[in-house]
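One structure below.
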Amino acid sequence: MRKKVIAGNWKMNNDATQSAQLIAALLEKLPQTQAEVVIAPSFVNLALAVEKTKGSPMIVAAQNMHFAEKGAFTGEVSASMLEAIGVKTTILGHSERREYFNETDESLAKKVDTALAHGFRIIFCIGEKLAERKAAKHFEVVKSQIQNALFHLPQEAWKHIVLAYEPVWAIGTGETATPEQAQEIHAFIRKTVADKYGKTVADDLTILYGGSCNAKNAAALFANPDVDGGLIGGAALVADDFITIIKAIG
Ligand code: 3PY
């Protein structure tokens with residue numbers, strides 16, 4: 001059964017006090033919803049978030065993790081460290097990680113393997129840059145990202161994967177894909193997975209839209225049959241906006 005998911009990517013925002021305040025505001029207003037609600041605070045606030053959301057339906061995710069089990073990787077965080085504080089979901093491959101921290105499909109494939117070995121759920125981001133969209137290469141780009149980072153996986157691994165399509169030209173720019181553009185590429189992504197793993201895996205796969213999804217445009221984006229929720233940036237930092245987005249999925 002395909003799940004709906006609304007995930008808030010807090011990026012490098014909110015100190016401990018602000019994180020606690022935002023969580024309290026979200027919990028106070030959290031509506032009944034068919035969607036899984038996920039928040040991804042920064043590493044230093046994950047333990048606090050786990051503590052504050054205990055007993056609630058909200059799931060806490062990391063924004064990244066390292067592929068190695070442990071060792072000389074200054075500044076990095078391992079899957080076991082996340083597990084030890086009760087975090088079993090991680091975003092991987094966000095375009096900001098690809099762009100500013102040199103993450104590649106190859107290094108991401110290793111992260112995916114480690115996360116799955118630890119029983120994590122993964123929100124895996126894909127998406128094309130503006131020049132690639134303008135050159136009509138967006139289908140090709142997302143297909144190769146999926147193939148290179150995920151097509152080595154066995155079929156059963158896909159129940160732990162959520163894909164997030166985030167056109168890079170729509171991240172932090174205020175630009176959003178139109179609902180038609182989102183549906184077109186989400187359907188293509190589902191077909192790409194179906195061609196390799198079969199219809200059941202593809203039908204069960206949750207594909208989120210990300211990239212300036214906000215309280216105003218969420219309902220129109222989510223109305224599409226292949227858009228199963230959102231990975232939300234800036235609007236996830238404002239409790240009322242995030243709640244409106246959760247309500248938009250129903
Ligand atoms: C955005 O909407 O800006 C995002 O990058 C969500 O991950």
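All values derive from a computational prediction rather than experimental measurement. Every heavy atom of this structure was used, including side-chain atoms; hydrogens, water molecules and symmetry mates were not. One-based numbering, in listed order, for ligands and for the atoms of each.
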### Query
Of the backbone atoms (N, CA, C, O) and the side-chain heavy atoms from C-beta on, which set of Ser212 has a member under 4.0 Å from an atom of ligand 1: side chain, backbone, both, or neither?
backbone
### Under-4.0 Å heavy-atom contact with ligand 1, by part of Asn9 that carries it
side chain
### Message
Please check whether Glu96 reaches ligand 1 - meaning an N/O of the residue sits under 3.5 Å from an N/O of the ligand, judged on distance alone.
### Response
no
### Query
Out of His186, Lys191, Gln183, which residue meets the side-chain hydrogen bond (donor to acceptor under 3.5 Å, both in side chains) rule with Asp226?
Gln183
Just checking, is any N or O donor in the side chain of [X] or [Y] under 3.5 Å from an acceptor N or O on the other one?
X: His94; Y: Glu166; result: yes
X: His118; Y: Glu83; result: yes
X: Glu128; Y: Tyr165; result: yes

#### Entry: Distance from atom 3 (O) of ligand 1 to nearest protein heavy atom, with residue and atom
Lys11 NZ, 3.0 Å
### Message
How far is atom 7 (O) of ligand 1 from the closest protein heavy atom, and which atom is that?
### Response
Glu166 OE2, 2.8 Å
### Query
When the ring centroid of Tyr209 is compared with that of Phe222, is the distance short of 6.0 Å?
no
### Minimum side-chain heavy-atom gap Tyr197-Leu153 below 4.5 Å
yes
Proximal ligand 1 atoms for [X], defined as those under 4.0 Å from one of its heavy atoms:
X: Gly211; result: 2 (O)
X: Gly172; result: 3 (O)
X: Leu231; result: 6 (C), 7 (O)

